[in-house]
Structures are given as structure tokens and as C-alpha cells.
Undergrad: 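Dropping a structure here in C-alpha cells format, bear with me for questions.
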Amino acid sequence: MKIGVFVCHCGSNIAGTVDVVQVAEAAKSMPEVAFAKDTMYACSEPGQQGIIDAIKEMGLDGAVVASCTPRMHGSTFMRTVARAGLNPYMFEMANIREHVSWIGKDKVANTRKAIDLVRMAVAKLAQNKPLYSQSFSINKRVMIIGGGVAGIQAALDCADGGLQVVLVEKTTTIGGKMAKLDKTFPTVDCSSCILGPRMVDVAQHPNITLHASAEVDEVFGYVGNYQVEVRKKATYVNWKTCTGCGACMEKCPSKKSKDPFNELIGTTTAINIPFPQAIPKRASIDRDSCIKFKTGKCGICAKVCPTKAIDYDQQDEMITEEVGAIIAATGFDLMDWHVYGQYGAGRYPDVITSLQYERMLSASGPTGGHIKRPSDKKEPKTIVFIQCVGSRDKSVGRPYCTGFCCMYTAKQAILTKDHIPDSESYVFYMDIRAPGKMYDEFTRRAMEEYGAKYIRGRVSMVYPQDGKMIVRGVDTLAGAQVEVEADLVVLAVGAEGAAGSAQLAEKLRISYDSYGFFMEGHPKLKPVETNTAGVYLAGCAQGPKDIPSSVAQGSAAAAKVLSLFSKDQLQSDPQVSKVDLKRCVGCMKCAITCPFGAIKETEVRGEIKAQVIETICQGCGICTSTCRQGAIQLQNFTDNQILAEVNALLSSETEEA
Amino acid sequence: MSLQDELKAQIVKRLPELDVVIGWGQGYDSLHRTPLFITSEADVDKLVFDPLCVHNLSTYLTRYGSAKRIGVVVKGCDSRSVVELLQEKLIHRDKVMVFGLPCEGVADLGKVKRALAAKDLDMGRVRAASFADGDLVVTVSGQEIRLPMAEVQADKCGRCRYHNAVIHDEFAGQPITEAAPDTYADVAAFEEQTLEERMEFWREQMERCVRCYACRNACPLCVCRDYCIGQSREPNWVSQRDGLEEKFFFQMIHATHLAGRCTECGECERACPVDIPLLLLKRKLGKEILELFDYRAGTDPDAKPPLLNFKVQEDTINERGW
Amino acid sequence: MSQKLRYAYYPGCSGQGTSKEYEQSTRAVCEALGMELVDIPDWSCCGSSPAHTVDHRLSSALSGRNLALAERLEGVSAILTPCPSCLTNLKVSAHKMKDPEFAAEVNALLDFPVRNTLPVKSILQAIYEDVGPDALRPKAVRLLTGLKLAPYYGCIMNRPPHIMEFDDHENPIAMDQLMEAIGAEAVTFPLKVECCGASFGVARRDIVQKLSGKLLDTAASNGADAVVTACPLCQMNLDLRQDQINVANNTSHNMPVFYYTQLIGLALGMTPSQVGLEKLEVSPMALLESLPARAEAQAQAAKKPASKGAQS
Amino acid sequence: MDKELRIVGFLCNWCSYGGADTAGVGRFVQPTDLRIIRMPCSGRIDPLFVLKTLIGGADGVLVSGCHPRDCHYAEGNYYARRRLEVLKRFLPIIGIDPGRFEYTWVSASEGQRWQHVVTSFTNQIHALGPVQRIGRQSLAKACSLGTVLEPLA
């Protein structure tokens, strides 16, 4: 083999602390090396041309570039090598910048280390083999999981772009958290007035298939060819015939059912449509509170339904959707604030969450838009808002800032004054976080125009006394303890990944953090991608964010899918595992450990053998280290390639004594 | 009916369903038994079972391809290998018929040899051997010598938890009820030496290794056979040089490849022509895996072996990190 | 309860003086509940409260000496003390001595080392966990029906939670449940773990009057007839200083302040003097005598159909 | 610093190799003994690589992967954790100090943590000194006895 070695100065980045000339000189005596040279900037146009020229002139059949990290320019140089007519995998990199020149100043030691790294790269390259990508066709349908505002935006953008869209929503209506809001900041415009038409667009769009009351059960396949099993949960109402007329709700005798849409501050009927603008506007039965299900007697809804849509025997239905990409937009839930014993841990009815308060403010909410405190239904005059309940609080394991609470608290303070002009609002805050267009102005308005009293400090205790809620806290600006006798306390509870997001992440094979938020591909450069090809993120599923950001991410994820689907075929990564059939004993341990289901059993001349499905294989190599015969080898990271590196290193002496 | 006759009757009864039954027969002298491959009723008469039946016959199960139906006679320890092979889907339950036996322990011919040598007698000259009252009675150079089994029994038998076959289609004789605790005292005793002493120990042992691969070939779980990575070029884990490092690394391959699978039957050590205590390496792994995962290989055909499994939060492994 | 409950007992200094009735009722109740208390021989001061503000090592050594003495007792399952201050000092010392370096420093000061083998618990925790309200209920021969109590745990019985490791540190319920087991009613009392002013009793009486006054106000406004405590200092501030508080705050509380052990003792059939009721400054006798009539009234009310009433 | 020792690192591409890059970008100075081999995933690391490296004369081996739950391939580090823990506990029987082998988790963002890991591990190996090799010492011994052996590669 004829290997060329190119040692980069990277200006003084490398050459400052590594003797690159000496490294190139040392490389010349390494086995299989036919050519070695230092170069000023290997990645620059002349640098790359130098590599191409050397390969062509010297008839090299492989190149080692000793420069920066392969995570930076690996693909750059693979293209260079390809331009010189070689297979791009006949290339190795020695990282002598991030791993050598930048982390030590001892030039002698650095040079010795750089030579070792080059020696290892050369030894590995001598074991490399050309690898070839495969083309495979893709299914240009996209699934969007979660029908909140981010999912709606992504669905509409994809559908407008001509893609077939499958939208899967866990609850019986789309709209998500935004549908529960009364008004939105900083414009104080009606939430359902701006969201409602978008929801209708989803319902009417010819390219969108909506599965409400449905959840993703399992995900198989790979980018371009996913099979998603969706469980359509029984609603006990045939949605094909239900017209959403609401006759059943009028007659249902079980009127004290839990109302999750109203955050449990109101009640609803056992058969219900969550809110008037629901999409799809279809009724469903809450089994736990339905008299028919509890006692077997009733059946009034079935009697009154004009289209005979009620079906008490309905079962969950499994359907399989084939899609080429998936956008996870599962949103957030409020963290369980009951860990705050000092705020009563749920013992006091007049301590409520901001989302409950939002339902109270809403004209379509359970109180018809009148603020009434839960204990005695009286109108509160003094309202205390406590911010950062489950945000920026390490003591409850929530170190992060939810980010949008400052803004909605200001909005709620403003709305409170609108609803009850003689009311007083107090806001206990840590810092006001209001970056964004018109945001800081908005919080100022809450204070200056609407007279909300902002107190910088934490609340240590809330307790009832003589019909009031005593809120005891500290005003850190005044350096004094304060006590407010409140009628109602509203907690700005922090957000966490929606319930079940961890399980969904595992099905999608994407990472998630301990708060249930999905991990993006790169915090800056890949904000809506994940490390799993073909799976994208939008909205609060990735981390807490406000409506404009959620919408922007929905559009961004849609753009990613549209660009992915702009080609008819995708190229597979050839760094996949390969089975040596004669070595394989068919024990299938590789298949047991494969996280992707990329290995299947096949029969060759009556004996069981393993077979890699190349398009599913992600190239982790767990199978290779599982196989005792060495029968399944991850290409480009074969045992022999890694052993070559180990042997090259161990055969070189450390510094002379 | 003696246990041996009961076993013979069972084999005769089931033989029509099977292509072959593997048992033990008389070996080249009175102290040695040899694997017996029974294909006809006439062969059954040659069957022997006594404490000299040391071989773990399950080693042969993987050598017949998947078409044949094979019967195999197993002691308690051997049966664990069958379970392990089943668990790893290297053999199939419907192709294997297990004739299980109770076993009170087998003789270690190395110990017999040394015991006789201590009396200035040569094991090669033994003309007759039998068992009476817990003694091995041999006739050698015209003398009758009684060797108490307790003195010549294989070490593994003294700490045996599984005297009876743990899996069987037929079971001859009465199950043995007692089971000895295994405290891994041998491993602990070895580890009382310094690290340098341990390395020196292996250096001395491995110098004798001739890389004959008898250890591997006797191992019922070494199923790679011709494709063992100890001998291959692709992948090329270890060269064919006859150096200490190569010999030792081959044993590292054997040991790590048995981690979580080894049933500690000791065939590697028994087969070694130069008496390298290879089982010690495997027992160390067995001990650590038992402590980490509460797992004993070859006891449950449906278990998921610990190294092919994980818990997101491990109970016994600290998150290492400084 | 098949096995014998046997504990090392650390009485603490208050029990020898200001809270004799706590000590007396604790011993009586434990005996009645089958809990054997073995006094730690030659026990000494735990260091509470000032020692740790001067020197952590010496403070831990004071408690450590008692821990080490207790560990030498045979067949005891835990070290118990009625006093939350003692409890805090003993537990903090044991906790800090989990650090081997610190333990070595402390042990160097002791005659024999602390092995840190026995858990330290309050009497309350032992009664609650080892006997339990369910086992207590059938033992009560005289139910205190009609008695409305504000259960006051004090500020250090449950805090800091990672050291005390008992009950909810914001809303403890152990004493509530024990009181309910003997027929009394535990009213909503949001200041269960508030500070009474404790050690400011001498230096800053105004603070005690403000803080303890608030406790009495809140107890009264929540309908309590009496306060029940588990801490000698709390009891002293609320009971002994009730007159001072009334004068300073212009209130007229006449609210008995019990130790919970006194009430359990009464329920178990002990006489008022057996549990030291005469030692209380605000006499509870009139209240206790009114209980049968209240119980009767309550029973009558229960027979009538549920009347409407706003309950916050 | 003492004479450099031979320390080999097997790092997963997605987290720890990136973490080492991050340390470089941050100019977090580290000892120079370590040589890094890039692996796709800690799950690719056959314990035999570690044994081969230690028996072949490396004084220390460091494995680093993504933190549990963060594996790019979802499960690779979970398998690695079990295999490597067994390996670490196995080493003493063959006379190798288990402190010569460590495995840990460093994410791509943890440059400072990587610096700390490399520094502590290098110090740990220097405290242990050069490894004893099964092959080398016997060669020396054999030579001292006058036996002629071909020199080791």
C-alpha cells in the first residue's frame, strides 16, 4: 500500500507547540508510507489541492491528514480524497490539534505524541477497505406527534409543502396547552381567536390525516422508511358518525366528571367534547365516571344520540402508519408542585396553578371568565402570584428556568386588573426574564399601568388564617420580611417534558434529559434535529419555550423534513456491520444486543446465520464486541483496524529514559 | 435395579427416537472412561456410570448440525452446560434428549496418580478399579490399594451445588438432596498473594502452555471451533508466535468469552496436558458475575444472560467517575 | 409486636427541671406501651444549644460521648430522647461523624470511639413507627373525644429533613395521628413547624412574645382548645410565658399547652398527677372536665343530618 | 513530571471524543501521556481490547463514553458498563492492578471534566508506575539465564 501523510501547521495552532516538520519526517519511515509532507493549512483550497496532487502524482492509495479533530474536518478531507479518485474511506485523520497542540506546551512531548497518533492512523489506514454507500428510496410521508401549536404549525407547513402528514394527538382534541390559555402575551390577544383558525385548517387540509385520542405504540424502521404503530384509544363513540352536536352532553347525568381540559377546577359530563372549538369536534366517554361503565345501567347518551354513534363496546384500535420522517412535538406539562410543602402541597384550595387561573380567566372556562376562588366562590381582591415554583430551584431538582412564566404572570396580573378593577396583585419574583420583542415593555406595563406590586424575593410559607391565605416572604430589595393577606395565590409552576415523553423518546431512539425534554442534535447548530436521522423536534418537547418560539420551531422542523424529502433517494452510511457467514454460528447474540433491530435471522444451507439490514444499522458496533467469533465486523471500525492502532502504539517506545 | 441398569433401560426405551445417545464407556484401562456413542441397542451394554465418568459429554452436542436428534447422559455439572447451550440457542430443546443422573462426585485422576506415587506406585500399572464404601479400590502391581474418595475427588465436586441434573427428560436413580456452599475460597486464597506474585504464578504456568487448544476443544461452550479468534487472521487478535504474551492472551480470550456463560465444569483444566489451573480464571469471573448480577450460568434456560442485558440504573455498579 | 422494644434512653437536662412532667409522662407512657427505656449510664450534656456555635468538634464530642455510651448497652435497637434539641445534637453529631476524618478527630477526644451503629430517634418517632396509631387506639381506655388540639411540633423536630429523616418537614402528621388515635381532634394548624422564639426567652423577650403570640393566635383562630407539643422549650414559651404574651399583645389566651405524652397517658388511664398535669402553668383541668359534655354534644350533632357550614 | 508512561484511551465518538475536543478548544492543559483511539461507541469496546493493550505493555487504559441515558446509540454504554465492570474486577487475578483501568462517562460539553479525568487518571498511573508484563520480564529472566531468544517485536 502507498500511503501519503499530510501534517498540518494550522498556522501556529499546531506548529506553535508541535514540530510538524519532524512529524512528517518521522512518518516517512512508517510502514506503507510512500509520501509525507507538512502543509500550512490542510483544509484550505491550496492545502486540499496539495493532497489531491500528491495522491495523483505519487499514485497513493490512501491518505492520512494530521490536523484537527475528525469531528470538524473529517468529512471535508473525505471529499478531498474522493476528488483525487480514491474511495473516501481510504482516509484517516490524526487529531494533533485538539488532542495535542492545544492542551500542552511541551513541544518535545507534543511532537512525540503527534508522531504516535500519526503512526496509529497510518496503521489503521493500512487495514482500511473501500466502502460504498447504498441508495434507498424514501416514503415521503411525515408523522407529527403532538397537536399543540408547534405540531399544528409543522403539520400545516409540511402539508402546504405537498407532503402527506399524519398528525397524532394523545387527547381527544388538538390545540394543546395554547388552547387552554385565555390571552397571549405581549399583545393580549385572544388565544383561541388566533389558534382556532389554524386548528380548523388542520381539520380541512386535504393532506393531513388526524388521529386524535391516539398514541404511538411502537416505532420500527429507519430514516425514510419508518413504520409507526399507533394505538387509537377507544372513545366509545363512533367518530365517523358523531356530528359533535352535543346532545349527549346535555343529557348525561354524570355531571361531576373530572375535567382535565379545565385543569380540574371545573367539572364536566362523563361524555363530553372538551371545549366548543375542539378539533375534531367529537364526543368521547370518560370510562371512570360514566354510570354505564360503572353500574351497567344508564345508556342515556345512546338513546339521545341522533346518529347512534355511541358504542360502549369499542376497543382500542391498532393502525400502522408508514412514514419517512417523524416530528416529535409533544409539548410540556407542569411539574408536580406538590413537593412544595411550604405552599401547602395541595392542601389549600385557594392555592392554584397559573394554568388553572388561566382557565378561570377564560370566558369559555368553568367560571365563565369570572375569577372566583375555589374555596367559597367569592371574588378575590388580593391575589398573590408566586413565580419560579419549580424553576431555578435546585432544592426540588429543577435548576432550569422555564422562561415563559415571567411573561404570563405579568399578563395574568394585567388581566386580573381588567377583570376586577379594585383588586391588588402582588408578584413575588426572583428576576424578571423578559427578553424578546415588546416583552420587557409588557412587564413594565403590568407594574406601571396596572399597578401590580412586584416584590423581589421568595415566599417561604403560605397558610390559611381567618379565611385568608397568609403569604409570608422576603423583599430582598427592602431587606424586610413581608406578609400579604391574600384571597387567592397563583403559582407560576415550571414546565417539564410532557408525561410519557421518556417512553416516547425510547421508542424513537432519541435522547432525553432528566426533566423529560428531548435532546437536540446540537444545542446551537441543530436545534430541531436529533441524533437519530429522520426524527425532528418542535416546541416545548425540546425545552420550555413560548408560543412564537414554538411556532418557529414547528416551521423549522417542517423545513428540515421538506429538505430531507427533496430527494427521491437517500444514501446510506456504509459504516455498518457486515457478517462473515462462514464464521457466524447463528447464536444471534448480536441481534439481542442490537438497539435498532438491525440484525435478522436468516437461513443459509440449513444453518441459521445473522444478517445485517444495512439501512437500519446505525454503526454502533455493539454487535461486533458481542460476537465471539469476530464474525460480525463494523466496517471502518473492524477488530483488525482497532488492533492495528493498538499494536502500532504499543510497538513504539515511550520517551527514552 | 442399579442406577446404571435404570439408565440403560431408559436409553433402550428412548433410543428409537434418537440418532445417537452419548454416554460413557470403558476406556483404554481400568481407570479411564471414554465417551461412548450409542446408535444401537447392542451399544447400550457398553455403557458405564461410576465416579470415573469425568467427561462433560455436552461438548459433543454442538457437533452434529441441527438435523440430528441426540441423547446425552449428564451429571449435575454437565447438565448446566446443556442449559447454557439451550439458552444460547446453540442447540434446540426438541433435538436433545437429556438423560439426567445424580452424582456424588467424580475422581480426579491427577490426585489418584499423586496418591499412588506417594506410595511409590505407578498409576499406569493399575489393573483393576472399583468402588466400595466410598473408597476407590485399585489393584496395582499386585497390591490392593484403597483410596478414600474424599482424597481423590475432583475439587469442583467438594463445592458442588448441583449434584442432580438440572434439566432432564429421563432421570435415573434418586436425587441427592444436600448441596455444598461455594464460597469461592480458592479464589480468595489465590488473591492473598501480591499482584506481583500472581503475575509470576501465571508466568510460570503459561510458560508450559503448548497452545494445543485442548482446553478449548474440551469446553462445551467453545462453539467457534475452526473460527476461534485465537487462531484467525481476520480478525487477527493474536499472532501464532509461541511467546508468553500470546499464550496468555489466548487464555484471556477463552476466559472473557466465557464470562457470564461458564458453568465451571472444569473441562478446560482437566483436559490441559500440562496441568495449568485454567479454571481459576473462569471462577474469578464467575464469582464477580455472581456478586454483580446474582447470576449463575446454566441454571435457567430462559434467563437473559447478564452481559447481554442491562439496567438503566444498575444496582451494583457505581457510576464511576472522578 | 412480637419482638421486645428495648431502647437506650437519653433523658436530657430539661427533663430534670423545667419539663419534669414531660419526662414523667414519657416514662409512664413508654412503660404502658411496652417500650423498655434503658437509661444511658452516666449520660452527660448533649451540648445543646450553644456548643456547636463555638466548636463543632467539641460539640460533637459532647453528643458523641453519649452515643458511644449508648452503643455499649446490650440489646437496644435505637437511642431515644424526648427532647428535640437533644435529638438534633445527637443526630447532627452522628451524621457528621459519617465522615471518617471528622469521626477520627472527635473520637480522639473520647474515652472510647463512636461506632455509629445505632439510629437516634425521638420518642415521638418511636411511638409513631414502632407502636403506631393503630396499635395505640385499642389501648386507650379514656378517649379524649371533644378535645380540639393544635399540634405543634416546633421548628427542629423534622428539620433539616435529610438529617432528621422523619415525617414531612413542612407538614408533619405523626402527632396529629397519635392524638386522633386517642379520640382528640387535631385542628388545622398551619404553623406546626414555626419558631416559637425558643432560646430568645431571656435575651429578647419581645421576639418570643411576638412569635409565640402568633402561634397562640393561630391555634385559637383555628378552633383549638389547647396546644399539644413535643418540645420542652416550645411548651415553656407557650405555657409559662402565656401571661407575658397576653400582656404584650393585648390578648387573653387561656390555652393549656400539653405534652403529647401527657395526653396519651390520660387516654391510657393514668391519673392527672401521674402525667404531671399539675405542673402546667395554664391549668387544663376545667377543659378536661368539660370533655364528657362536649363528647355528648358532638355525638348529638352527628346524629342530625349534616348541617351546612363553610369549611375553609 | 516523571518519564511519560504509556496510557491508551478508548473514547466514543459522540460524547467523550467530543469532550476531549472541547477540552482542546478550551485550551485545558493536560498531561501528554494519553493516546486516544476513537471508537464509534463505548459499546463497541470489547474488553479484549483493554486486555490486549494492558498485556501488550500499556501502563494504563482509560475508557470513556456517553453518560448513561445519553448514548448516541441508546444502549451502547449500558452494555459497556457491565462488560467493563466485570473486566475491572477480573484484572487482579492476573496480577494487574485494577487502578490501571478505569472507565468513565464524559459528555461532549464537558471539556473541563475531561481535563480532570485525564489529569487524575494520569496521576493515578504514575503513582502505580510502569506495568509488569508477563512477556517482558520472562524475556529478561531468560536472558539472564543465558538462553538465546529472538527479541520481541
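In this text the structure is predicted, and so the values were computed from the model without any measurement. Note on naming: letters A, B, ... go to the chains in the order of the sequence lines (proteins, then strands), and numbering restarts at 1 for each one.
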Undergrad: Tell me, yes or no, whether the heavy-atom count around E379(A) atom CD, taken from other residues, nucleotides or ligands under 6.0 Å, exceeds 12.
TA: yes
Undergrad: For K256(A), is the NZ atom crowded, meaning more than 12 foreign heavy atoms sit under 6.0 Å from it?
TA: no
Undergrad: Can you tell whether the side chains of R472(A) and E194(C) come within less than 4.0 Å, N to carboxylate O?
TA: yes
Undergrad: State the OH-CD distance between Y340(A) and E170(C), to the nearest 0.5 angstrom.
TA: 11.5 Å
Undergrad: So for atom NZ, which belongs to K453(A), do other residues, nucleotides or ligands contribute more than 12 heavy atoms lying within a distance under 6.0 Å?
TA: yes
Undergrad: Could you tell me the separation between the CG atom of D217(C) and the CG atom of D466(A), rounded to the nearest 0.5 Å?
TA: 9.5 Å
Undergrad: Is the closest side-chain heavy-atom distance between R347(A) and T188(C) below 4.5 Å?
TA: no
Undergrad: In the structure I gave you, are the side-chain heavy atoms of Q465(A) and P190(C) within less than 4.5 Å of one another anywhere?
TA: no
Undergrad: Take atom OH of Y400(A) as the centre, draw a 6.0 Å sphere, and report whether it contains more than 12 heavy atoms from other residues, nucleotides or ligands.
TA: yes
Undergrad: Inspect the surroundings of NZ in K468(A) and state if more than 12 heavy atoms from other residues, nucleotides or ligands are less than 6.0 Å away.
TA: yes
